[in-house]
Amino acid sequence: MKPDTISNDCQLDSSGQLIHLLGLKDLPKQHLENILDRADGLLGDNGGLKKSKALKGMSVANLFFEPSTRTRNTFEIAAKRSSANTINVDLENSATKKNETLMDTMQTLKAMQIDMFIIRHKKNGLPHHVAENIEGVAIINAGDGINAHPTQALLDMLTIRQYKKSFENLSVAIVGDVRHSRVARSGIHALKTLGTKDIRLIAPAYLLYKKTTSPDLERFDNLEKGLEGVDIIMSLRLQKERMVAAEIPNEKNYFENYGITNETLKLAKPDAIVMHPGPVNRGIEVDSSVADGPQSVILKQVTNGIAVRMAAMEVLAGAL
Ligand code: NCD
């Protein structure tokens with residue numbers, strides 16, 4: 001399924017309440033801001049994280065069919081800090097390997113009284129399919145193919161809000177493998193909902209969307225031009241696992257043309273921040289001196305991910 005054709009309608013019930021978190025396309029601003037505000041409330045003044053009892057007595061299952069370090073672990077930490085029981089389903093050794101259908105696995109987990117499924121899958125729209133076919137379980141999309149990664153975009157928005165006054169006047173540069181990036185797709189939806197009008201997509205043409213229908217999106221194949229005066233640089237990983245062999249760029253050339261270095265960073269505003277969802281390929285997407293430098297907020301994003309995931313789970317738990 002193509003990302004544009006996937007509907008998130010079933011994440012809201014008939015009264016407009018959020019019952020699943022599948023994607024940010026068409027998610028009303030009030031829902032988005034509600035999660036960010038709650039996440040803010042979970043962060044203490046010194047950046048520490050509070051604990052909550054919001055999910056007491058509930059069980060959350062992590063169902064990661066694709067590799068993950070920060071997303072899977074921060075979901076687990078977030079669920080635990082919210083007082084839930086958590087299980088990491090061992091999919092390598094699960095019955096899906098014995099040809100059980102995915103829906104049978106899901107129904108089996110539901111019968112184990114699990115309240116929330118956190119799903120990552122390489123297939124676009126897979127969490128949506130589960131949400132449409134199972135009742136009484138809240139689904140959070142932790143990344144489906146190239147389609148959406150809503151909690152990543154929310155943690156990115158929370159991070160931006162901590163450094164910048166408003167979204168309306170921001171210039172945001174999304175640099176790298178935009179075409180294969182669910183992070184970029186969800187990030188663009190979130191930025192637009194929050195009012196950002198200058199969103200620049202910077203990459204070689206074959207890593208950009210073939211066409212953009214939105215007037216707020218400008219495409220650049222020249223890094224220097226695209227970075228001029230931006231407030232935010234969002235660097236993306238080269239997702240080789242989603243490319244055919246002929247598309248994989250030469251890493252040295254790519255870094256020379258699109259790598260964020262101290263030199264290219266100077267083209268952005270002096271107070272610009274550098275973000276990356278991770279995992280970072282140092283010396284390919286971002287130079288180490290930038291990744292570890294004063295303008296990098298990459299580790300801050302990780303901590304914010306826990307707060308945002310706690311907030312999203314709290315909202316969905318309230319609707320169960
Ligand atoms: C991203 C993902 O999996 O979509 N990573 C993440 O969630 N932290 C981006 C990526 O893998 O490049």
| field | Shared hydrophobic cluster for Met313 and Leu32 (ILVMFWY, side-chain gaps under 4.5 Å) | value | yes
| Could you walk me through whether Asn34 and Gln30 pass the side chain to side chain donor-acceptor pair (under 3.5 Å) check? | CA-CA 6 Å; Asn34 177 31; Gln30 90 228 35; over 6 Å; no
| query | Does Arg219 reach the main-chain N or O of Tyr209 with its side chain, forming a donor-acceptor pair under 3.5 Å? | reply | yes
| Has Glu135 got more than 12 heavy atoms of other residues, nucleotides or ligands less than 6.0 Å from its CD? | no
| field | side-chain contact (heavy atoms from CB on, under 4.5 Å) assessment of Arg309 paired with Ile140 | value | CA-CA 9 Å; Arg309 288 172 177 130; Ile140 300 186; over 6 Å; no
| task | Please answer whether the main-chain N or O of Arg120 pairs with a side-chain N or O of Glu66 as donor and acceptor at a distance below 3.5 Å. | result | no
| query | Do Asn141 side-chain atoms and Gly23 backbone N/O form a donor-acceptor pair below 3.5 Å? | reply | no
| query | Which atom names give the shortest non-hydrogen contact between Lys269 and Asp231, and what distance separates them? | reply | NZ-OD1, 2.9 Å
| Full working for side-chain contact (heavy atoms from CB on, under 4.5 Å) between Leu170 and Asp198 | CA-CA 7 Å; Leu170 284 185; Asp198 181 7; over 6 Å; no
| Nearest heavy-atom neighbours spanning Ile114 and Ser59 | CG2-O, 3.6 Å
| query | Is there side-chain contact between Gln162 and Asn304, with at least one heavy-atom pair below 4.5 Å? | reply | yes
| request: Without swapping roles, check the side chain of Arg200 against the backbone of Glu218 for a donor-acceptor pair under 3.5 Å. | output: no
| Does a side-chain N-to-carboxylate-O contact under 4.0 Å join Lys240 and Glu251? | yes
| field | From CA spacing to verdict: side-chain contact (heavy atoms from CB on, under 4.5 Å), Met106, Asn133 | value | CA-CA 10 Å; Met106 300 290 164; Asn133 288 286; over 6 Å; no
| said: What's the separation between atom CD in Gln239 and atom CG in Leu207, rounded to the nearest 0.5 Å? | reply: 10.0 Å
| query | When hydrophobic residues are tied together by side-chain contacts of less than 4.5 Å, even through go-betweens, does Met310 share a cluster with Leu320? | reply | yes
| query | Rounded to the nearest 0.5 Å, how far apart are CG of Leu191 and CD1 of Ile199? | reply | 4.5 Å
| query | Do Leu158 and Ile77 belong together in a cluster built from hydrophobic side chains that touch within less than 4.5 Å? | reply | yes
| note | One should read off an interatomic distance between Glu132 CD and Ser7 OG, to the nearest 0.5 angstrom, of 7.0 Å
| request: Please check if the side chain of Asn88 supplies one atom and the backbone of Asn62 the other of a donor-acceptor pair under 3.5 Å. | output: no
Would you give me the side-chain donor-acceptor pairs under 3.5 Å for residues 292-299, sequence neighbours excluded?
{"from": "Asp292", "atom 1": "OD1", "to": "Arg282", "atom 2": "NH1", "distance (Å)": "3.4"}
{"from": "Asp292", "atom 1": "OD1", "to": "Arg282", "atom 2": "NH2", "distance (Å)": "2.9"}
{"from": "Asp292", "atom 1": "OD2", "to": "Arg282", "atom 2": "NH1", "distance (Å)": "2.9"}
{"from": "Gln295", "atom 1": "NE2", "to": "Pro270", "atom 2": "O", "distance (Å)": "3.3"}
{"from": "Gln295", "atom 1": "NE2", "to": "Ala272", "atom 2": "O", "distance (Å)": "2.9"}
{"from": "Ser296", "atom 1": "OG", "to": "Ala291", "atom 2": "O", "distance (Å)": "2.8"}
{"from": "Ser296", "atom 1": "OG", "to": "Ile298", "atom 2": "N", "distance (Å)": "3.4"}

| Going from CG on Leu154 to NE2 on His149, what distance comes out if it is rounded to the nearest 0.5 angstrom? | 10.5 Å
| Nearest-0.5 Å distance that lies between atom OH in Tyr163 and atom CD1 in Ile232 | 10.0 Å
| said: Using the rule that Ile, Leu, Val, Met, Phe, Trp and Tyr join whenever any side-chain heavy atoms are under 4.5 Å apart, tell me whether Leu194 and Leu27 fall into a single cluster. | reply: yes
| note | Heavy-atom closest pair (Met157 atom, Ala190 atom, distance to 0.1 Å) is CG-CB, 3.7 Å
| How many angstroms lie between CD1 in Ile260 and CD1 in Ile202, if you round to the nearest 0.5 Å? | 7.0 Å
| task | Take Arg185 and Asp4 through the test salt bridge (charged side-chain N to carboxylate O under 4.0 Å, His left out) and record every step on the way to the result. | result | CA-CA 10 Å; Arg185 281 187 178 76; Asp4 305 338; 5.3 Å; no
| task | Show the numbers, then the answer: is there a side chain to side chain donor-acceptor pair (under 3.5 Å) between Thr108 and Thr105? | result | CA-CA 5 Å; Thr108 305; Thr105 307; over 6 Å; no
| request: Can you see which heavy atom on Ala268 is nearest to which on Ile233, and at what distance? | output: CB-CD1, 4.1 Å
| task | Sequence neighbours left out, what pairs pass side-chain hydrogen bond (donor to acceptor under 3.5 Å, both in side chains) with at least one residue falling in residues 48-57? | result | none
| Can you tell me if CD on Glu256 sees more than 12 non-hydrogen neighbours from other groups inside 6.0 Å? | yes
| Would you find a donor on one side and an acceptor on the other, under 3.5 Å apart, between the side chain of Glu285 and the backbone of Asn281? | yes
| query | Can you check whether Leu227 reaches Glu224 side chain to side chain, under 4.5 Å on heavy atoms? | reply | no
| With side chains defined as the heavy atoms from C-beta onward, is the minimum distance between Leu238 and Pro249 less than 4.5 Å? | yes
| remark: Tightest non-hydrogen contact, residues Ile139 and Val130, listed as CD1-CG1, 3.8 Å
| query | Under 3.5 Å, side chain of Asn250 to main-chain N/O of Asn253, donor-acceptor pair present? | reply | yes
| query | Are Val137 and Leu63 in one and the same hydrophobic cluster, where Ile, Leu, Val, Met, Phe, Trp and Tyr link if side-chain heavy atoms are under 4.5 Å apart? | reply | yes
| field | Side-chain donor or acceptor of Ser181 paired with backbone N/O of Val183 under 3.5 Å | value | yes
| request: Give the C-alpha distance, both sets of side-chain angles, the deciding distance and a yes or no for salt bridge (charged side-chain N to carboxylate O under 4.0 Å, His left out) between Arg242 and Asp177. | output: CA-CA 10 Å; Arg242 302 190 203 284; Asp177 185 2; over 6 Å; no
| Glu228 side chain to Lys225 backbone, donor-acceptor under 3.5 Å | no
| Any side-chain heavy-atom pair from Leu12 and Ile19 closer than 4.5 angstrom? | no
| said: I need the single residue from Val274, Leu236, Leu223 that forms a side chain to side chain contact (heavy atoms under 4.5 Å, CB included) with Val175. Which is it? | reply: Leu223
| salt bridge (Lys or Arg N to Asp or Glu O under 4.0 Å) partners of residues 78-89, not counting sequence neighbours, each pair once | Glu76-Lys80
| field | Phe75 to Ala142 - nearest heavy-atom pair and separation | value | CE1-CB, 3.9 Å
| field | Leu109 side chain near Val89 side chain, heavy-atom distance below 4.5 Å | value | yes
| task | Look only at the side chain of Asn124 and the backbone of Met1, and say whether a donor-acceptor pair between them is shorter than 3.5 Å. | result | yes
| request: Applying side-chain contact (heavy atoms from CB on, under 4.5 Å), run through Asp144 and Leu22 and close with a yes or a no. | output: CA-CA 9 Å; Asp144 62 321; Leu22 302 173; over 6 Å; no
